[in-house]
Protein chains: 2
Amino acid sequence: MKKNVTIEKRKTFRHGDLRNALVTAGLEMARIGGPNAVILREATRQAGVSPNAAYRHFANQAALLAAVRSACISRVAAAIEEEMKKCHPGRYPQAFARKSLRAVGIGYLGFAMREPGMFRTAFSVPPPVHSPDPANTASMGLNPFQLLSLALDRMHESGLLSKKDRKDAEYLAWSTVHGLALLVLEGPLHKMPHEMVLALGERLVVMVERGLSSEIAH
Amino acid sequence: MKKNVTIEKRKTFRHGDLRNALVTAGLEMARIGGPNAVILREATRQAGVSPNAAYRHFANQAALLAAVRSACISRVAAAIEEEMKKCHPGRYPQAFARKSLRAVGIGYLGFAMREPGMFRTAFSVPPPVHSPDPANTASMGLNPFQLLSLALDRMHESGLLSKKDRKDAEYLAWSTVHGLALLVLEGPLHKMPHEMVLALGERLVVMVERGLSSEIAH
DNA sequence: AGCGTATGTGGACGATGTTTACTTAGTAGC
DNA sequence: GCTACTAAGTAAACATCGTCCACATACGCT
């Protein structure tokens with residue numbers, strides 16, 4: 001029934017790479033069942049090791065969970081990057097800026113839909129995302145928050161956003177997509193069909209783009 | 001050390017109101033530690049009853065948690081109502097509509113800041129909020145989602161929102177405030193000062209109001 | 001009065017996180 | 001190359017949690 005992928009009974013007394021094995025196992029559990037599903041004992045089991053061995057690498061299960069969370073955040077960042085790669089700076093900086101902002105929002109939401117467990121794990125309880133912890137980044141070296149900032153900078157530089165409106169705009173923009181994602185993943189919008197979520201996502205980023213700037217209409 | 005407030009050793013064999021006592025105990029635990037902190041055994045302990053007694057009133061701990069969640073949602077609705085009571089329909093329907101929408105957003109966010117544990121408990125995993133379960137409502141008989149709908153209806157009726165823009169607007173608006181609340185409560189914005197959160201909340205509802213309608217500027 | 005049943009009790013099981021004490025083997029120093 | 005240090009894994013135990021089973025109690029209906 002249970003396919004223990006990783007228990008190929010090692011022959012060395014030392015595992016060699018236990019810390020990583022535990023995080024990997026935890027990541028898979030998070031992927032399937034969210035943050036509450038990352039069980040310390042189960043991780044050691046999958047690594048083919050006694051429960052206590054984990055305590056040589058993590059202070060407690062919260063520490064393990066924190067490591068798993070970092071990994072999840074990196075995945076989010078990677079998903080956003082993937083989306084951002086699709087937009088190139090052409091001759092119209094404003095179009096580029098808009099596309100960048102949209103990429104962040106859609107990348108974020110897309111990941112949430114594709115990997116609900118990891119997404120929920122990424123954003124719960126005490127993540128030090130704000131401080132640029134390299135463990136949270138993907139290939140560009142930016143965490144999701146910084147990727148969003150980048151997109152907003154492009155908006156500002158291209159004249160789409162005044163300096164005043166640019167300030168703290170990441171919080172507003174992020175709130176929006178994050179809220180939709182969580183309402184769908186573990187909230188009352190639980191059974192909303194995927195395509196509708198994505199359609200709402202499109203409307204949402206438009207709303208953000210329009211709503212951020214105080215220029216047009218007061 | 002531990003003040004067991006409610007264990008006044010009953011003399012009747014029957015508790016009389018155990019179901020309620022358990023929910024109350026659970027609510028307090030949720031208030032302090034969020035959904036993960038509502039422990040079935042602890043609830044029975046506080047009610048001065050053996051652990052299994054709970055199973056005469058709830059199928060399992062998930063059922064208890066569901067009841068607690070409903071109570072939490074009611075509190076959210078009550079907080080929103082409180083805020084909505086402050087705005088009266090005057091001679092300017094549009095002003096009334098705007099104030100209503102703002103009331104929903106601010107009431108929601110305010111509750112999230114005041115009662116983080118209950119708020120997090122209210123919106124996690126499988127809440128049947130969508131169906132108008134009377135257990136989720138407050139004095140007006142409306143759950144948070146319906147209160148939001150009401151405010152948006154006022155926007156529409158007063159001409160601030162076209163029929164097209166009105167459609168599904170509750171999802172967009174809700175996403176926004178909910179996202180900010182969760183980012184602050186259990187996300188990366190964990191240590192943001194309260195006043196800044198509320199200031200952002202103000203900007204947020206403005207953004208929603210401006211961003212919802214496609215009339216002005218496309 | 002008697003009885004059915006809703007309600008509460010006691011004891012047990014498996015699972016989890018965590019601690020304490022012990023074992024093993026890789027490595028650094030002489 | 002031997003030895004001693006120490007990082008890494010093991011074993012056994014404990015407290016807590018959710019849950020199941022069998023049993024006890026007393027409320028309220030006939």
Side-chain angles (χ1 to χ4, degrees), chain A residues 1-2 4 6-30 32-69 121 124-126, chain B residues 1-2 4 6-30 32-69 121 124-126:
Chain A
M1 207 98 286
K2 230 193 250 178
N4 283 331
T6 23
I7 62 160
E8 44 195 49
K9 188 163 292 195
R10 73 189 184 287
K11 257 318 172 215
T12 59
F13 176 75
R14 315 289 218 203
H15 178 287
D17 196 21
L18 183 53
R19 196 198 141 93
N20 254 318
L22 292 178
V23 172
T24 301
L27 194 59
E28 183 57 19
M29 294 189 268
I32 295 183
N36 285 338
V38 20
I39 302 309
L40 185 144
R41 283 181 104 109
E42 175 62 23
T44 62
R45 225 170 283 137
Q46 288 186 22
V49 118
S50 93
N52 302 334
Y55 288 85
R56 298 295 168 191
H57 301 271
F58 300 97
N60 47 36
Q61 91 92 297
L64 170 59
L65 178 54
V68 171
R69 181 175 10 252
T121 306
S124 56
V125 209
Chain B
M1 209 97 286
K2 232 195 247 178
N4 284 330
T6 22
I7 63 159
E8 44 193 51
K9 185 163 294 195
R10 73 187 184 287
K11 258 318 173 215
T12 59
F13 177 74
R14 315 292 210 179
H15 178 287
D17 195 22
L18 183 54
R19 196 198 142 93
N20 254 317
L22 291 178
V23 172
T24 302
L27 194 58
E28 182 59 18
M29 294 189 267
I32 295 182
N36 284 339
V38 21
I39 301 309
L40 185 143
R41 283 181 104 110
E42 174 63 22
T44 63
R45 224 170 283 137
Q46 287 186 23
V49 118
S50 92
N52 300 330
Y55 288 86
R56 298 298 169 187
H57 301 269
F58 300 97
N60 47 36
Q61 91 92 336
L64 170 59
L65 179 55
V68 171
R69 179 172 16 248
T121 306
S124 55
V125 209

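The sequence lines fix the lettering, A, B, ..., with proteins before strands; numbering per chain opens at 1. These figures come from a predicted structure and were not determined experimentally.
- Look at CZ on B/Arg56: it is 14 Å from C1' on D/dA26, rounded to the nearest Å.
- In this entry the distance linking CG of A/Asn52 with C1' of C/dG17 reads 10 Å, nearest Å.
- For D/dT16, the base has no donor-acceptor partner in the side chain of B/Arg45 [N/O atoms by modelled type, under 3.5 angstrom].
- As a whole-Å value, the separation of A/Leu65 CG from C/dT18 P is 11 Å.
- Within the model, atoms CZ of B/Arg69 and CG of B/Leu64 stand 10.5 Å from one another, a figure rounded to the nearest 0.5 Å.
- Interatomic distance, B/Leu65 CG to B/Thr121 OG1, rounded to the nearest 0.5 Å: 7.0 Å.
- The nearest whole Å value for the distance from the CZ atom in A/Phe58 to the C1' atom in D/dA8 is 14 Å.
- Between the CG atom of A/Asp17 and the C1' atom of C/dG26 there is a distance of 17 Å, rounded to whole Å.
- Summarising the geometry, atom CG belonging to B/Leu22 is positioned 11.5 Å from atom CD belonging to B/Glu42; distances are rounded to the nearest 0.5 Å.
- For A/Tyr55, no side-chain nitrogen or oxygen approaches OP1 or OP2 of C/dT19 to under 4.0 Å.
- Atom CG of B/Leu18 and atom P of C/dA6 are 16 Å apart (whole Å).
- Rounded to the nearest 0.5 Å, atoms OG1 (A/Thr24) and CE (A/Met29) are 10.5 Å apart.
- Close to C/dG8, at under 4.0 Å from its OP1 or OP2, lies a side-chain N or O of B/His57.
- Distance check, rounded to the nearest 0.5 Å: CZ of A/Arg56 to CG of A/Leu18 gives 11.5 Å.
- Residue-to-nucleotide contacts include a donor-acceptor pair under 3.5 Å from the side chain of A/Arg41 to the base of C/dT18.
- Nearest to the side-chain atoms of A/Ala53 among the listed nucleotides C/dT9, D/dA11, D/dG9 stands D/dG9.
- Remark: C1' of D/dT19 and CG of B/Leu64 are 14 Å apart, rounded to the nearest angstrom.
- The interatomic distance linking A/Ile39 (CD1) with D/dG18 (C1') rounds to 13 Å, in whole Å.
- Distance from the side chain of A/Gln61 is smallest for C/dG17 among the nucleotides D/dT19, D/dA12, C/dG17.
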